[in-house]
There are 2 protein chains.
Amino acid sequence: MSGKDGNRREGTARANVRCAEQPAARPPSIKDIARLAQVTHPTVSRALRNSPLVSAETAARIRHIAEELGYHASALARGLATRQTQTVGLLMEAGNPFAGEVARGVAEAAGERGYALLLVHAQEDAERAHRAIEEMVARRVDGIVVASPRARDLPLLEAMRIPLVLVDSDAPGKAAPAVMIANREAMRAVAQHLIGLGHRRIAYLGDRNGLRAEAARLAGYKSALGRAGIGLAPERIVACDGSPEAAMETMHELLRLNRPPTAVCCASDLVALGAMQAMRTRRLRVPNDLSVTGFGDLFFAAWLTPPLTTVRQPARQMGALAMENLCRLLAGDPLPAQTCLDAELILRGSTARAPKQESDFAE
Amino acid sequence: MSGKDGNRREGTARANVRCAEQPAARPPSIKDIARLAQVTHPTVSRALRNSPLVSAETAARIRHIAEELGYHASALARGLATRQTQTVGLLMEAGNPFAGEVARGVAEAAGERGYALLLVHAQEDAERAHRAIEEMVARRVDGIVVASPRARDLPLLEAMRIPLVLVDSDAPGKAAPAVMIANREAMRAVAQHLIGLGHRRIAYLGDRNGLRAEAARLAGYKSALGRAGIGLAPERIVACDGSPEAAMETMHELLRLNRPPTAVCCASDLVALGAMQAMRTRRLRVPNDLSVTGFGDLFFAAWLTPPLTTVRQPARQMGALAMENLCRLLAGDPLPAQTCLDAELILRGSTARAPKQESDFAE
DNA sequence: GCTCCCGATGCACACGTGTACGGCTGACCC
DNA sequence: GGGTCAGCCGTACACGTGTGCATCGGGAGC
């Protein structure tokens with residue numbers, strides 16, 4: 001029993017009036033438990049961590065008192081002592097539906113492993129992004145999951161020595177291990193599906209901010225056309241910034257071509273949203289006049305009119321796997337630079353046979 | 001100068017091999033800076049916190065060294081000492097698009113105020129939900145923002161003495177201050193819009209998990225019909241669990257009625273998604289045969305075919321305001337039990353005049 | 001009856017930061 | 001020239017938890 005408390009000196013702290021009821025009731029600590037259990041606080045610490053060094057009866061008594069007091073160990077103090085916070089930073093663009101699903105997977109996996117999540121919003125502003133990243137350092141996160149495809153702050157992240165995993169964006173250089181899907185093969189399957197339907201004038205509507213995942217998708221598109229012996233028409237390969245608004249504008253440009261496409265491969269479901277809107281404005285019917293494909297299979301894709309043919313990207317599973325990989329990394333296990341998940345082509349109503357008068361010849 | 005360091009005892013800690021390069025280089029502390037600057041660590045602490053108790057030149061020297069070392073104050077230690085973590089817990093259903101937008105608002109507002117966000121996924125499982133909430137206590141968050149409308153864990157949250165604010169779900173009892181929109185008035189405006197278009201058989205497709213916000217919306221619907229002198233037909237007031245799948249099923253039931261509705265008020269945009277799908281299956285055209293309205297104005301609403309008439313719910317702003325309110329609460333300012341934001345009726349293409357043969361008489 | 005060993009507990013210190021208080025130095029005033 | 005005061009810095013302690021080592025008591029083996 002220390003018996004030396006009760007004369008707390010810092011009377012000025014705790015300035016915020018919480019409820020004006022309890023007189024600044026600080027949460028119970030192991031010392032409080034120790035006093036009640038007639039032991040010292042190290043014994044309490046050991047008992048609560050199920051150390052074999054404590055006798056069964058003492059441990060039971062201590063745990064009972066802890067329960068009664070509503071004790072919850074301070075993760076701050078523990079983190080300070082053990083140098084591990086059991087916290088991982090999650091860098092993502094809050095509001096992005098894909099990132100949201102990834103976050104769900106990460107959150108569930110983290111919860112199971114006793115990790116907490118520090119949510120850091122991927123700011124546009126470079127200066128704020130910098131501060132946000134420093135926040136993670138200050139909070140001493142054990143590792144970081146980056147769920148933001150347009151992570152141009154990767155160099156910053158690597159500069160600090162924190163274990164890092166990426167989702168859906170492999171990085172240039174040696175960088176960090178990433179969880180990906182086979183973007184190239186998936187987009188190739190999309191294009192092959194369209195070719196199989198008789199389309200020859202197939203456009204590609206890309207996402208300029210899609211980083212390497214985007215490059216792989218474009219490569220898949222080109223590969224499919226190449227294999228089918230269809231030449232690449234540069235004017236049919238365009239890109240926007242990834243938003244439906246921009247996609248709509250860009251789609252209008254495609255439709256103004258002399259020989260407009262009969263099918264469009266969109267780099268994402270969001271892009272497809274804008275593309276379909278452009279067709280609607282021009283009274284073109286999907287899929288009768290024009291076929292459209294998306295990428296990602298976001299939750300709304302199945303409910304569009306018509307339902308969107310797209311590639312299922314297992315976002316939640318990707319998040320869970322990223323968290324799992326991060327744990328491996330923290331445990332010291334070496335990881336492959338990339339973990340690749342299967343993507344599945346989902347055929348729905350937005351694709352159909354090419355209009356007859358246009359098929360088979362004349363790209 | 002303490003001069004007593006260098007004999008660190010806990011050689012067994014830090015078991016995880018990070019990169020096998022740096023020999024467990026612990027981040028620099030104020031003591032490291034103090035040694036280099038030939039002062040003691042309290043002076044460093046004061047200098048970095050811009051205390052007037054330090055001479056300008058000493059402070060400059062210290063800050064220079066800190067910068068050079070890449071120093072970032074440990075939020076853990078600071079939280080331990082000051083009893084404030086500058087962290088707020090964000091309880092939300094990750095993956096839900098509305099919650100995602102709210103999260104974005106919260107994140108931006110939190111960033112500006114120097115708060116970090118602890119993301120806690122609102123688990124279905126009661127036992128996990130309990131653990132998740134205890135996690136926030138253990139992490140000693142200063143306050144909590146609840147962005148999950150179906151928060152049946154509110155009692156748990158109130159049990160711990162942590163300041164709390166709610167988004168889009170006012171709570172029973174005295175509970176916590178909430179940021180809301182005028183659900184009742186907004187849905188009334190929706191129904192009045194449909195009535196103005198000549199509709200008389202207007203159905204309501206609710207969300208059973210919508211809590212009180214849902215009750216208010218239904219009340220608004222009833223109020224509008226009442227004012228227009230239209231009787232309530234119980235068979236036209238139905239509810240599902242909020243998912244598009246369930247909404248589709250329930251919509252089919254509505255369409256099987258002897259006298260099916262000519263318009264449907266959906267409790268959310270997600271519900272509207274399912275409802276429109278049901279109509280598509282039956283080859284009913286929106287809005288020619290049937291008008292549909294949503295609620296929320298999620299990002300996809302404007303891009304549907306046809307674009308969805310709905311109520312704009314300023315999710316991001318609600319999140320930001322919730323965070324702001326939480327700060328007020330932490331500062332001791334009393335808050336009104338509810339802060340109400342304006343919602344705006346957005347007219348788009350999914351509503352039109354009622355089919356002629358059905359209007360004006362015979363509800 | 002002595003030693004040896006083992007199980008259970010206490011002691012001391014560490015983690016990194018914040019702050020109340022005291023002490024030192026120099027300038028200023030009477 | 002001594003007292004006073006302000007500015008600046010160091011000392012000591014606190015926050016809550018973890019852990020290496022010492023200690024203490026008791027049982028076993030000789």
Side-chain angles (χ1 to χ4, degrees), chain A residues 1-2 4-15 24 26-34 37-59 61-62 66 71-86 138-140, chain B residues 1-15 24 26-35 37-59 61-62 66 71-86 138-140:
Chain A
M1 280 185 274
S2 58
K4 204 179 173 182
D5 48 6
N7 57 350
R8 296 174 52 234
R9 201 179 282 191
E10 308 189 14
T12 57
R14 200 89 200 135
R26 68 153 174 31
S29 74
I30 51 174
K31 290 187 185 173
D32 299 323
I33 300 176
Q38 312 269 24
V39 291
T40 55
H41 68 269
T43 303
V44 177
S45 171
R46 283 187 272 254
L48 295 179
R49 293 179 68 74
N50 297 323
S51 160
L53 295 178
V54 184
S55 77
E57 46 199 345
T58 308
R61 180 161 41 103
I62 288 175
Y71 170 79
H72 294 283
S74 163
L76 282 74
R78 178 172 295 171
L80 195 56
T82 64
R83 295 174 156 288
Q84 297 197 21
T85 54
Q86 297 291 105
R139 290 290 201 288
R140 301 291 191 263
Chain B
M1 277 183 274
S2 59
K4 205 181 176 182
D5 47 6
N7 55 350
R8 294 175 54 234
R9 200 179 284 191
E10 309 188 14
T12 58
R14 199 89 200 134
R26 66 152 177 30
S29 74
I30 51 173
K31 290 186 185 172
D32 299 323
I33 299 177
R35 200 178 317 123
Q38 312 269 22
V39 291
T40 56
H41 68 268
T43 302
V44 176
S45 171
R46 284 187 274 254
L48 295 179
R49 294 180 67 74
N50 296 323
S51 160
L53 296 177
V54 183
S55 75
E57 46 198 346
T58 308
R61 180 162 40 103
I62 289 175
Y71 170 79
H72 293 285
S74 162
L76 282 72
R78 177 173 295 170
L80 195 56
T82 63
R83 294 175 154 289
Q84 297 196 23
T85 54
Q86 297 292 103
R139 289 290 202 290
R140 300 290 190 266

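Lettering follows sequence order; numbering is per chain, from 1.
Atom CD of residue B/Gln38 and atom CZ of residue B/Arg61 lie 7.5 Å apart, to the nearest 0.5 angstrom.
Between the CG atom of B/Leu53 and the P atom of C/dG18 there is a distance of 14 Å, rounded to whole Å. Rounded to whole Å, the distance from CZ on A/Arg140 to P on C/dT17 is 7 Å. Here the P atom of nucleotide D/dT19 and the CD1 atom of A/Ile30 are 11 Å apart, to the nearest Å. Atom NE2 of A/His41 is separated from atom P of D/dC15 by 11 Å (rounded to the nearest Å). Per the geometry, NZ belonging to A/Lys31 stands 13 Å off P belonging to D/dG18, to the nearest Å. Distance CZ (B/Arg35) to C1' (D/dC9): 19 Å, rounded to an integer number of Å.
In terms of phosphate contacts, A/Thr40 brings a side-chain nitrogen or oxygen within less than 4.0 Å of OP1 or OP2 of C/dG10. Phosphate proximity of C/dG18 to B/Arg49: present, with a side-chain N or O under 4.0 Å from OP1 or OP2. Residue A/Ser45 places none of its side-chain N or O atoms closer than 4.0 Å to OP1 or OP2 of D/dG16. Contact check, B/Ser55 against D/dC9: a side-chain N or O comes under 4.0 Å of OP1 or OP2. Taking side-chain N and O atoms only, A/Ser29 has no distance below 4.0 Å to OP1 or OP2 of D/dC15.
Annotation: the terminal axes of the helix from C/dG1-D/dC30 to C/dC30-D/dG1 meet at 60°, where each axis is the rotation carrying the C1' atoms of four end pairs onto the next four (5 pairs per end, rounded to 10°).
Residue order along DNA chain D, read from the 5' end via each residue's closest nucleotide, puts B/Ala56 first among B/Ala56 and B/Ala77.
A 4.5 Å side-chain heavy-atom check between B/Asp32 and B/Arg26 finds at least one atom pair inside the cut-off.
If you check distances only, the side chain of A/Arg83 never reaches the base of C/dG16 with a donor-acceptor pair under 3.5 Å.
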